[in-house]
Amino acid sequence: MSRIWNFSAGPAVLPLPVLEQIRDELLDWHGAGLGVMEMSHRGKEFTAIIEQAEADLRELLAIPANYRVLFLQGGATQQFAQIPMNLLANGLANKSADYLVTGSWSKKAFKEAQRIASVRCAGSTEGAAFQSLPELATLDLDPQAAYFHLCTNETIHGVEVPPEYVLPVNVPVVADMSSHILSRPIDVSRYGLIYAGAQKNVGAAGVTLVIVREDLLGHAAPSIPSVMDYAVMAENGSMLNTPPTFSIYVAGLVFQWLKKQGGLAAIERVNIEKAALLYACIDGSAGFYRNPVAVACRSRMNVPFTLADSTLDVAFLAESKAAGLASLKGHKSFGGMRASIYNAMSLEGVRVLVDFMNDFSRRYAGTKA
Ligand SMILES: *Cc1c(COP(=O)(O)O)cnc(C)c1O
């Protein structure tokens, strides 16, 4: 078996020990005589799995007691609709919500919310090609907003909201953390609701984490489907219907792996080192490679970059692939390249990438493809 260095934005690389444990337990989980995929979600085995997963997530993120953890389906995309359905729709006809648009994902969230309710754009960096973050003071904020929505890591444009970024304080802040949750410690109490699809930094596709402050439950419009109502899901322990059991199990194994790494402060140190190495390679390439994002909000998880001579893109992709480096092609809306370096991508993997990039630029600098 030979595994590639996988820089996919998602579904993405998983920690090897987690995959090995899944393999070892696939046919017989802990002597139960059956695998997790085959178990009743109401049985004692799966109950233990989901309870342990929630406990570990709470420990990793230091989630306060007045927050509920939900394991939902439909991806972050479903949350784009479910959030306004729950926080904005019921008897709040005069209310609106504010959206900060800093890249493709927050733009999609804003657009989807417009199907459900009246929402406002409080600020957008689209006119400046999504390369920075506007300061809070420059935003057009509605003090009566039901919530303020932002995406704290734009997976496509590589813009990450740093912890010192000032957030509105008098309205609940709703954050799409799909592509950087668990990459660093966060202060959960700054947010009313945090959501993240699993397939970037948490595990396998199919489960979406929602961490929601209790006072935000119970405001859904009565007409919405019960599976879409956070309060109903919370009352039923995320099991109003059959939850994505296998994806919850995989997420739980990733939480345990993170605890073994020393928790989020420890994984953050590795993530800082990985990102520093890659950005130094880009910035030190004398313009051969370029990342346009303002340094203060460059993502540690998703690093988009272009080659000054885009006719070399084809050679870069072919040669990197031959060197065992996979999924480096950039998103179509950005072009160029993107290296996603989530928790499960090791420092060694980033070193291999940087060595390749340095070698490639040495060989091709000054040439025309
Ligand atoms: C991938 C991604 C999404 C969409 O996730 P789905 O699970 O495909 O719905 C939304 N927001 C961000 C920040 C993402 O990275």
Side-chain angles (χ1 to χ4, degrees), residues 6-14 70-86 97 99-116 119 124-126 130-131 133 147-162 165 173-184 186 191 193-212 227-228 238 243-244 246-248 250-251 254 271 275 293 297-304 327 329-334 338-345:
N6 178 7
F7 295 94
S8 170
V13 57
L14 281 165
L70 306 177
F71 295 96
L72 305 182
Q73 304 191 51
T77 304
Q78 179 171 302
Q79 291 311 307
F80 295 167
Q82 200 167 349
I83 287 159
M85 282 178 176
N86 277 270
Y99 278 71
L100 178 60
V101 176
T102 55
S104 294
W105 288 113
S106 49
K107 188 179 170 184
K108 280 199 174 139
F110 176 52
K111 198 166 169 218
E112 183 71 4
Q114 290 171 53
R115 296 168 60 105
I116 313 290
V119 289
S124 169
T125 55
E126 186 168 14
F130 295 135
Q131 294 172 0
L133 287 171
Y147 60 89
F148 172 83
H149 180 281
L150 83 170
C151 174
T152 48
N153 188 62
E154 288 283 359
T155 319
I156 293 171
H157 290 89
V159 175
E160 183 166 10
V161 177
Y165 188 73
V173 175
V174 173
D176 178 357
M177 297 196 183
S178 292
S179 51
H180 77 155
I181 193 165
L182 299 172
S183 68
R184 62 202 299 168
I186 53 162
Y191 304 91
L193 187 150
I194 291 166
Y195 65 103
Q199 71 275 21
K200 275 65 182 259
N201 219 7
V202 172
V207 63
T208 310
L209 305 178
V210 172
I211 302 163
V212 56
V227 283
M228 300 292 272
S238 305
F246 197 76
S247 300
I248 292 169
V250 175
V254 171
N271 287 332
V293 178
C297 56
R298 280 176 162 181
S299 172
R300 287 179 190 161
M301 294 284 105
N302 309 98
V303 183
S327 295
K329 192 171 169 37
H331 189 274
K332 58 187 183 305
S333 66
F334 182 89
R338 172 174 51 171
S340 294
I341 50 174
Y342 298 122
N343 286 344
M345 173 54 66

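Along the sequence shown, residues are numbered consecutively beginning with 1. Numbering of ligands and ligand atoms starts at 1, following listing order.
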Per-atom contacts of ligand 1 with Cys151, taking only distances under 4.0 Å to non-hydrogen atoms:
13 (C)

Between Glu154 and Ser106, is there a side-chain donor-acceptor contact under 3.5 Å, judged purely by atom types and distance?
yes

Can you tell me which residue and heavy atom of the protein come closest to atom 11 (N) of ligand 1, and the distance to 0.1 Å?
Asp176 OD2, 2.6 Å

Among Ser179, Ser104, Ser340, which residue meets the side-chain hydrogen bond (donor to acceptor under 3.5 Å, both in side chains) test with Thr155?
Ser179

Taking atom NZ of Lys200 and atom CG of Asn302, what is their separation to the nearest 0.5 Å?
8.0 Å

Do Gln78 and ligand 1 have an N or O pair less than 3.5 Å apart?
no

For Gln199, is the nearest heavy atom under 4.0 Å from an atom of ligand 1?
yes

Looking only at protein heavy atoms, which one is nearest to atom 9 (O) of ligand 1, and what is the separation?
Thr77 OG1, 2.5 Å

With heavy atoms of Phe80 as the reference, note each atom of ligand 1 found under 4.0 Å away.
10 (C)

for atom 15 (O) of ligand 1, nearest protein heavy atom and its distance come out as Thr155 OG1, 2.4 Å

Would you say the side-chain atoms of Gln78 pair up with the backbone N or O of Gln73, donor to acceptor, closer than 3.5 Å?
yes

Could you check whether the rings of Phe80 and Tyr195 sit parallel, tilted or perpendicular, using 30° and 60° as the cut-offs?
perpendicular

Which residue and atom name correspond to the protein heavy atom nearest atom 2 (C) of ligand 1, and how close is it?
Lys200 NZ, 2.5 Å

N/O separation below 3.5 Å, Ala76 to ligand 1
yes

Straight-line distance of Ile181 CD1 to Tyr342 OH, nearest 0.5 Å
13.0 Å

In this structure, does ligand 1 have an atom that sits under 4.0 Å from one of the heavy atoms of Gly197?
no

Going by distance alone, is a donor N or O of one side chain under 3.5 Å from an acceptor N or O of the other, for Thr152 and His180?
yes

Thr77 backbone acceptor or donor facing Glu112 side chain under 3.5 Å:
no

Under 3.5 Å: N/O of Asn153 near N/O of ligand 1:
no

